[in-house]
Amino acid sequence: MTRNTDYDPSELQRVFESHFTWAAAFERNTHRYAHRPALTDPPTGRSWTYHKLGEVTGRLVEGLRTHDVGVGDIVCYQLKNTPEFAFLYIAAQGLRAVSSPMNFRLAPAETAHIIDGAKPVVFVYDGTDAANAAEALRIAAHRPRIVAAVGGELIDGAIRFEDLFAAEAPSFHAPEGASTWDETSRLYTSGTTGMPKAVPLTSLNEVLTAHDVTMHFPLGPTDKTMNMSPWFHRGGNYCAGPNTAFFVGAEAVTLPQFDPDVVLDAVQEHRLTYVIGAPTNLERLADAQEARPRDLSSLRGMVTMGAPLSHDAALRYQRVLTPRIANGYGTTEAFWNTYLRPDDLPGAAGAAGRACLDDDVAVVRVQPGRISAPDEHARKDGQEIGEVIMRSVKSGYAYLGDPGEQAEKFRDGWVYPGDLATWDEDEIVTVVGRKDDMIISGGENVHPVQVEEVLAGHAGVADSIVVGLPDPQWGELVVAYVRPREGALTDAAAAAAELDGFLRASVKLADYKRPRRYTFVDELPYTATGKKQHFKLKEQAPADAEAGRFVTP
């Protein structure tokens, strides 16, 4: 075949790399949608059009530049879903710096761990949490050159966030020399098994993630979104938060603190079209909507992610909130990789859906002593439990500073996140839990999510976490931490007997999987993205057993 000498792919690659970044897309929207609302902050009544948001972030870019913040510098910020978070995310892209949002719920030692690993030039904290920020900086060996507070109290050496803005500056411009391969964000895993790990993302990852959300919602420039999950995680920022909303030209409405009544009121008042959050958020929304109905007719959909969505819960949310319920399954490392569309309900309720458009997803066998190769598939019968793996253009493919964990989780272009699942002949994936959370009782595998889903069918159960308690005879006993609904299951002994009878009567659960002990609690441990932290209660269970907190049915 004769090569076309008029076509130079290297030139096309150069243009693509420099002009199709996330920052370039945002700049286009500052004039393409100049007079449309981009960001609204109900708590303060402030709002910014795309033109105004371009002006504000341009001033922040110039202000940070005068503080010698530039290419490759790490900009850490520990903020709730506020306008200042959005400003920093955009400004870092304009500087070719690295945006690194941090969990505002971290303990000071955990914050210090991230600061010492990232060595940021800038650290912005919430001034209402000044004591924790000060303690984190005291513990950390690294001291950021610039420390700034959003509102609240100034700690030693800090300046006001407002002091980072230049008085005058051009509107936001995509930086010269930028590449789609620049590291533009550094995120941290949600900590279901321990300390957060750093995941680097390129501008290409950011663009392709935004494309994915735009296609799957689908999301367009006339949409108004509110994310109930914190923006500092990938499911918060990238699922119709600042990343995707500003990429497509939609409006992002802030929610600094989750409150179901505030969210439902906002849907009615602001005519929101999409609300996003974890299944735990939707459960509380459904309770609040039943208690005081609001007009939710503006909704084009509610999207949940971060944790499995049970069959019965999905049907309830369709009935109470909106028929268009969708569920994305994914990770910080690779965003979502399967998507359960509203059209898949009710038949596939409880599943995580099929692979996303650009992703490869497989369920491989769990084998003793080794990790399966990507082609060693579990049976597509909806029964055999294997490990779900994915290969995605959205993946960061690294854990910075943790080569051992990186080698374990990233193999030949595939991500092995450690989640267990089944799949069927239509390749619909159903997540059943984490490998780390699996209970082995009497030599049999018990998957907590399966037990928790059956427990959720009892009218008195608001939520539960099932873990293994060490036992000399059985290896582990299945035990359940249950959060009752208000006014239900008030007597522990009677409640344990009632739940045991409920599970015995169920056709969905084998007898050996029934919890042998129960305890009833007011709260259960979750990550900020709504994932249950089984490991915390597994560590706590022996002490609870010793203290006599469990009830035997």
Side-chain angles (χ1 to χ4, degrees), residues 26 29 33 36-57 60 77-93 99 101-105 124-129 149-152 161-162 165 185 210 213 217 219 221-278 281-282 284-285 288 294 298-299 302-303 305-306 528-530:
F26 174 71
N29 288 340
Y33 301 122
R36 284 192 186 173
L39 180 63
T40 297
D41 186 44
T44 63
R46 295 180 295 171
S47 184
W48 294 262
T49 63
Y50 271 93
H51 175 69
K52 290 295 184 184
L53 188 57
E55 288 185 338
V56 169
T57 52
L60 182 54
Y77 45 106
Q78 200 164 30
L79 302 173
K80 296 178 180 178
N81 295 8
T82 61
E84 293 79 12
F85 183 113
F87 299 161
L88 284 162
Y89 174 71
I90 297 168
Q93 306 261 357
S99 159
M102 301 162 66
N103 186 339
F104 53 77
R105 297 188 180 106
V124 180
Y125 68 93
D126 184 336
T128 64
D129 197 33
V150 174
F161 181 69
E162 293 80 1
F165 289 79
S185 286
V213 172
F217 269 40
L219 189 73
T222 61
D223 282 308
K224 296 184 177 186
T225 72
M226 175 179 281
N227 203 313
M228 299 178 288
S229 298
W231 284 348
F232 59 73
H233 273 310
R234 201 161 182 187
N237 186 8
Y238 294 76
C239 192
N243 167 272
T244 308
F246 299 155
F247 182 89
V248 77
E251 178 183 357
V253 180
T254 67
L255 182 70
Q257 186 75 36
F258 173 69
D259 180 299
D261 288 310
V262 170
V263 174
L264 294 172
D265 290 344
V267 174
Q268 181 170 272
E269 180 181 347
H270 294 278
R271 308 302 292 163
L272 300 181
T273 60
Y274 281 101
V275 173
I276 304 94
N281 297 128
L282 268 64
R284 292 185 61 190
L285 287 185
R294 262 63 56 112
S298 64
L299 286 174
M302 283 191 174
V303 180
M305 58 189 307
T529 52

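Below, all heavy atoms of this structure are taken into account, side chains as well, without hydrogens, waters or symmetry copies.
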* Could you please spell out the steps behind the side-chain contact (heavy atoms from CB on, under 4.5 Å) verdict for F258 and L255? => CA-CA 7 Å; F258 173 69; L255 182 70; 4.2 Å; yes
* For N81, side-chain hydrogen bond (donor to acceptor under 3.5 Å, both in side chains) partners two or more places apart -> none
* To do: Examine distances only and state if a side-chain atom of D223 and a backbone atom of A250 form a donor-acceptor pair shorter than 3.5 Å.
  => no
* To do: Check the pair L272 / V267 against side-chain contact (heavy atoms from CB on, under 4.5 Å), numbers first and verdict last.
  => CA-CA 5 Å; L272 300 181; V267 174; 3.9 Å; yes
* Would you call R294 and D261 a salt bridge, taking side-chain N to carboxylate O under 4.0 Å as the test? -> yes
* Under the side-chain contact (heavy atoms from CB on, under 4.5 Å) rule, what do R284 and V263 come out as? Steps first, then yes or no, please. => CA-CA 10 Å; R284 292 185 61 190; V263 174; over 6 Å; no
* Any donor and acceptor pair, going by atom type alone, linking the side chain of N227 with main-chain N or O of C239 inside 3.5 Å? -> yes
* Go through the steps to decide whether Y89 and N243 satisfy the test side-chain contact (heavy atoms from CB on, under 4.5 Å), and finish with yes or no. => CA-CA 8 Å; Y89 174 71; N243 167 272; 3.0 Å; yes
* Any idea which heavy atoms bring F161 and V124 closest together, and the distance? -> CD1-CG1, 4.0 Å
* Sub-4.5 Å side-chain heavy-atom contact between M228 and V275 -> yes
* **Short side-chain to backbone donor-acceptor contact, N281 and S229, under 3.5 Å** => no
* Asked: Do W231 and Y77 have their ring centres less than 6.0 Å from each other?
  -> no
* Structure fact -> Nearest heavy-atom approach of F247 to N29 is O-ND2, 3.0 Å
* To do: State, to 0.1 Å, how close Q93 and S185 come at their nearest heavy-atom pair, and which atoms those are.
  => NE2-OG, 4.4 Å
* Structure fact -> When every non-hydrogen atom of F246 is compared with those of A38, the smallest separation belongs to CE2-O, 3.2 Å
* To do: Could you tell me which residues satisfy side-chain hydrogen bond (donor to acceptor under 3.5 Å, both in side chains) with D129, sequence neighbours excluded, listed by chain and number?
  => N132
* **V150 side chain reached by L79 side chain, heavy atoms, under 4.5 Å** => yes
* Qualifying residue for side chain to side chain contact (heavy atoms under 4.5 Å, CB included) with L219, from V303, T273, V248 -> V248
* To do: Begin from the C-alpha positions of E84 and R46 and carry the test salt bridge (charged side-chain N to carboxylate O under 4.0 Å, His left out) through to its verdict.
  => CA-CA 12 Å; E84 293 79 12; R46 295 180 295 171; 3.5 Å; yes
* Asked: Can you find a heavy atom in the side chain of T225 that is under 4.5 Å from one in the side chain of V253?
  -> no
* Please state whether the rings of F26 and Y50 are parallel, tilted or perpendicular, taking 30° and 60° as the class boundaries. => tilted
* Would you kindly say whether T40 and E251 are connected by a side-chain donor-acceptor distance under 3.5 Å? => yes
* To do: Measure the shortest side-chain to side-chain distance between Y125 and F104 over non-hydrogen atoms and say whether it is less than 4.5 angstrom.
  => no
* **T57 (side chain) donor-acceptor with A91 (main chain) under 3.5 angstrom** => no
* Answer yes or no: is there a donor N or O on one side and an acceptor on the other, between the side chain of T244 and the main chain of Y238, under 3.5 Å? => yes
* To do: Could you label the plane-to-plane angle of the F217 and Y274 rings as parallel, tilted or perpendicular, counting under 30° as parallel and over 60° as perpendicular?
  => tilted
* **Any P230 side-chain heavy atom under 4.5 Å of K80 side chain** => no
* Structure fact -> Heavy-atom nearest pair, T254 first then M226, reads O-CE, 3.6 Å
